[in-house]
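Here's the structure, in structure tokens; my notes come after.
In this text the structure is predicted, and so the values were computed from the model without any measurement.
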Amino acid sequence: MSFFPLILLFSASPEKPSAEAIAFFEKKVRPVLVKACNNCHSADTNSRGGLRVDDRNGLITGGNSGPAIVPGHPEKSLLITALSHGDEKLKMPPKQKLSDEQISDLTKWVKDGAAWPEVRVAVPSKPDARYEKTRKEHWAWQPLSRPTVPTVKDTHWADSDVDRFVLAKLESKGLKP
């Protein structure tokens, strides 16, 4: 369990999509993306070609070939071209073309703006006590300070202040460099 509460709330699309658009996505689009694309293009599979189809931003940003979708413009969307096998170099899935109905559904989805459900991440109701303790004690959260450079016995060995800190610790343990 992480010590750091993560507070995120963002919309996956600029405007809140209608309930009908989300239902269409969940019923017709997501299952196709999961079944036909996720094996190669998701966070779990190292997203081949740099493309992720498991989130809207991944599709809009695209991969090595550019944006996979242009919401509202299926004719400009590489995803639709690839799924339609309209480009000899860009055939996805590579072994078997999707059905005409699946391609039509994905085309409609892109044309209608590529609705995607809002992503919500749970926010803890109260801060984790371990986080507060860590924040007070861990060196990374302490204010910067300029510590006093220690005095060392072997002044010839130490060339810099860092060396003096290392040497002081060694000398305190009875060790020599």
Self-check item: Any pair counted as side-chain hydrogen bond (donor to acceptor under 3.5 Å, both in side chains), so long as it reaches residues 163-174, sequence neighbours left out
Solution: D161-R164
Practice problem: Just grab all the side-chain hydrogen bond (donor to acceptor under 3.5 Å, both in side chains) pairs involving residues 143-160, residues at least two apart or on different chains. | Solution: none
Say whether [X] and [Y] are linked into one hydrophobic cluster, either directly or through other cluster members, by side-chain heavy-atom distances under 4.5 angstrom.
X    : Y    : value
F165 : V152 : no
I103 : L51  : yes
V29  : L79  : yes
F24  : V53  : yes
V162 : V149 : no

Would you indicate whether the side-chain heavy atoms of [Y] and [X] approach each other to under 4.5 Å?
X    : Y   : value
I60  : I69 : yes
D112 : P17 : no
S65  : L78 : yes
S42  : T45 : yes
K97  : K91 : no
C37  : M92 : no

Distance in Å, [X] [atom1] paired with [Y] [atom2], rounded so as to fall on 0.5 Å steps:
X    : Y   : atom1 : atom2 : result
T81  : K76 : OG1   : NZ    : 12.5 Å
D105 : L83 : CG    : CG    : 11.5 Å
E20  : K27 : CD    : NZ    : 13.5 Å

Polar side-chain atom of [X] near backbone of [Y] as donor-acceptor pair, under 3.5 Å:
X    : Y    : answer
T61  : N57  : yes
Q142 : K136 : yes
W109 : A115 : yes
H41  : R48  : yes

Self-check item: Nearest heavy atoms of R56 and A114, plus distance in Å
Solution: NE-O, 2.7 Å
Exercise. List the steps and the verdict of side chain to side chain contact (heavy atoms under 4.5 Å, CB included) for K28 and K108.
Key: CA-CA 10 Å; K28 299 284 191 170; K108 176 184 177 350; over 6 Å; no
Does the distance from a Lys or Arg side-chain N to an Asp or Glu carboxylate O, for [X] and [Y], drop under 4.0 Å?
X    : Y    : answer
K133 : E137 : yes
R52  : D54  : yes
K111 : E75  : no

Quiz item: For the rings on F25 and W116, is their centre-to-centre separation under 6.0 Å?
Solution: yes
Quiz item: Of all residues at least two apart in sequence or in a different chain, which pass the side-chain contact (heavy atoms from CB on, under 4.5 Å) check with I80?
Solution: P74, S77, S84, L106, T107, V110
